Structures are given as structure tokens and as C-alpha cells.
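Only one structure is covered here, and it is reproduced in the block below.
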Amino acid sequence: MRILVHTCCGPCLAGTLHTLKDKDVTAFFYNPNIHPWTEYKRRMEALSTFCEQRSIPLTVDDSYDLDTFFAEAVKDSGYGKRCLPCYRLRLACAAKEAKQKGFDAFTTTLLVSPYQLHDQIANLGAEISEETGVPFHYVDARPYFRQGQRDAKEAGLYMQKYCGCIYSEFERYR
Ligand code: SF4
């Protein structure tokens with residue numbers, strides 16, 4: 001199965017890969033939720049390094065449409081509320097890319113994190129699959145989160161300290 005994996009960062013891809021050993025994986029980076037721009041670039045470069053090390057094809061949508069992200073996030077910027085449109089924005093973009101490029105399915109590394117709203121991500125994946133006709137490959141990758149962190153450290157990757165958006169940076173360091 002050729003699968004397009006929406007990828008938020010290298011460490012989360014490292015964990016998710018443990019659940020995709022029998023799949024033909026392409027990573028897809030589209031994350032206008034990562035702020036500021038320098039942090040976004042740093043995470044993208046770490047992912048690129050990791051993909052080179054593992055010989056994983058990487059596609060980047062570098063459009064970084066901040067306006068689209070904030071237009072939804074500011075409607076209710078509380079933790080959890082802002083995350084649903086953030087997930088949808090990124091998953092919908094991945095599904096569109098998967099459809100255009102003829103992948104058999106799409107999924108996301110967001111499913112590896114115990115800090116994300118796992119069930120809502122699974123539901124959104126199923127909804128977007130219905131809308132686009134591209135199968136969503138659901139997997140509970142959370143048991144591999146810590147292993148992925150260890151893999152990423154061994155690979156010398158940058159390890160971020162907050163989820164991504166400026167709200168999450170504020171909550172982390174306040
Ligand atoms: S906390 Fe993370 S998932 Fe939620 S809106 Fe911010 S970047 Fe997106």
C-alpha cells in the first residue's frame with residue numbers, strides 16, 4: 001500500500017513508522033500551525049534530515065498560509081477548540097495531495113502523540129476520507145511515542161518543546 005503520511009515533525013514520524021513497516025511510505029509536511037517561522041523551518045529541516053537517513057521520500061507544501069490557520073483558530077483559541085480546525089486544515093491538505101498523486105491512503109503522525117486529541121483526529125480522518133474518497137489509514141501509534149523520541153534522539157534530531165502554534169508556545173513557557 002502506498003501511503004501518504006501527513007507529518008508534523010521528525011520525532012513523531014519516527015514513532016509512527018513502527019506501525020507502518022509493511023507500507024510504502026511517503027512523508028508529507030504541511031504545517032502552517034507551527035510558529036514562529038524559524039521554528040517551522042527548524043522542524044522541517046530536522047524532518048528532511050531524518051527522511052534522508054531513512055530513505056523516505058518527502059513532499060513539502062511550503063505555502064505556510066498563516067491567515068487560513070488564524071482565521072479558524074481565533075474563533076475559539078482555547079486548548080482543544082482551536083486544535084480541531086488545526087487538525088482539519090492539515091489532514092484535508094494531506095488528503096488532497098494523496099488524491100492528486102494517486103496514493104492508496106493517507107494518515108497522520110498526529111496519531112502517535114498522547115498529547116493530541118486522538119479520538120477527534122481519528123473522527124476527522126474518517127470525515128475527510130468520506131469527503132475526498134481517499135481512504136484514511138487509522139492506527140493507534142501512541143504505544144510507540146516514547147520509542148520514536150528515543151529514535152529521534154539517536155538520529156540527532158531537533159526535539160521541539162511545544163506543540164506548534166503561538167498559543168501552545170505561550171502555554172508551555174508562561
Ligand atoms: S496546540 Fe497544536 S494542535 Fe492545537 S492548535 Fe496549536 S499547533 Fe494545532
Side-chain angles (χ1 to χ4, degrees), residues 3-13 15-16 19 26-48 58-101 103 105-142 145 148-149 158-174:
I3 188 164
L4 190 70
V5 181
H6 165 261
T7 301
C8 59
C9 64
C12 286
L13 179 61
T16 304
T19 71
T26 294
F28 177 63
F29 188 85
Y30 170 71
N31 297 292
N33 58 307
I34 299 173
H35 314 147
W37 167 255
T38 47
E39 175 75 14
Y40 167 84
K41 294 295 279 185
R42 197 171 183 190
R43 294 189 197 186
M44 185 166 64
E45 283 160 14
L47 173 64
S48 178
L58 170 64
T59 299
V60 173
D61 181 332
D62 204 18
S63 50
Y64 200 63
D65 37 0
L66 279 175
D67 290 347
T68 305
F69 172 79
F70 279 113
E72 289 299 321
V74 297
K75 287 180 184 167
D76 191 343
S77 62
Y79 176 74
K81 300 289 188 184
R82 68 175 184 257
C83 300
L84 298 182
C86 174
Y87 298 148
R88 173 169 269 285
L89 177 64
R90 293 183 284 162
L91 289 179
C93 186
K96 187 175 162 199
E97 176 78 9
K99 188 166 191 166
Q100 282 176 352
K101 302 275 172 66
F103 283 86
F106 73 104
T107 190
T108 175
T109 58
L110 295 168
L111 292 168
V112 80
S113 173
Y115 303 110
Q116 301 293 347
L117 303 170
H118 189 92
D119 292 345
Q120 283 91 333
I121 294 165
N123 291 339
L124 275 169
E127 272 179 38
I128 292 167
S129 176
E130 288 258 321
E131 291 162 13
T132 60
V134 184
F136 178 65
H137 180 74
Y138 168 75
V139 63
D140 185 358
R142 290 173 293 184
F145 180 73
Q149 299 274 300
Y158 166 62
M159 311 287 286
Q160 67 268 14
K161 302 285 190 299
Y162 60 95
C163 184
C165 64
I166 200 69
Y167 302 109
S168 64
E169 192 265 1
F170 173 64
E171 290 162 353
R172 169 69 176 76
Y173 291 110
R174 157 175 68 175

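Below, each value reflects all heavy atoms present in this structure, side chains not excepted, and no hydrogens, waters or symmetry copies. Values in this document were obtained by computation on a predicted structure and should not be read as measured data.
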Under the ring-ring contact (aromatic ring centres under 6.0 Å, His included) rule, collect the residues that match up with Phe103, sequence neighbours excluded.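 Residues passing ring-ring contact (aromatic ring centres under 6.0 Å, His included) with Phe103: none at all.
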
If you apply the rule side chain to side chain contact (heavy atoms under 4.5 Å, CB included), what do you find for Arg82 with Ser168, and how did you get there? CA-CA 10 Å; Arg82 68 175 184 257; Ser168 64; 4.0 Å; yes

Side chain to side chain contact (heavy atoms under 4.5 Å, CB included) evaluation trace for Phe70 with Ile166: CA-CA 10 Å; Phe70 279 113; Ile166 200 69; 4.2 Å; yes

Kindly assign one of parallel, tilted or perpendicular to the pair Tyr64 and Tyr40, based on the angle between their ring planes and the thresholds 30° and 60°.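 Rings of Tyr64 and Tyr40: tilted, as their planes differ by 30° to 60°.
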
Distance, nearest 0.5 Å, that separates [atom1] of [X] from [atom2] of [Y]:
X: Gln120; Y: Glu127; atom1: CD; atom2: CD; result: 11.0 Å
X: Ile128; Y: Arg88; atom1: CD1; atom2: CZ; result: 4.5 Å
X: Cys83; Y: Leu110; atom1: SG; atom2: CG; result: 10.0 Å

With heavy-atom distances below 4.5 Å as the criterion, would you say the side chains of [X] and [Y] are in contact?
X: Thr109; Y: Val5; result: yes
X: Phe136; Y: Thr107; result: yes
X: Lys161; Y: Arg172; result: yes
X: Lys101; Y: Leu4; result: no
X: Leu89; Y: Asn33; result: no
X: Tyr87; Y: Thr108; result: no
X: Asn31; Y: Met44; result: no

Measuring centre to centre across the rings, with the benzene-like ring taken for any Trp, is His118 within less than 6.0 Å of Tyr138?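 Between His118 and Tyr138, the centre distance is under 6.0 Å.
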
Taking CD in Gln100 as the centre, count heavy atoms belonging to other residues, nucleotides or ligands within less than 6.0 Å. Is the count above 12?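 Yes - once you tally the heavy atoms of other residues, nucleotides and ligands closer than 6.0 Å, there are more than 12.
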
Would you mind telling me which of Thr59, Ile34, Asp61, Asp62 makes a side chain to side chain contact (heavy atoms under 4.5 Å, CB included) with Phe29? Ile34

Of Arg43, Glu45, Glu39, which meets side-chain hydrogen bond (donor to acceptor under 3.5 Å, both in side chains) against Tyr158? Glu39

Mind checking what makes side chain to side chain donor-acceptor pair (under 3.5 Å) contact with Lys75, not counting sequence neighbours? Glu72

Is there a donor-acceptor contact under 3.5 Å linking the side chains of Tyr30 and Glu97?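 Result is no, nothing qualifies.
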
Is the Lys NZ or Arg CZ of Arg90 less than 6.0 Å from the centre of Phe106's six-membered ring, within 45° of the axis? no

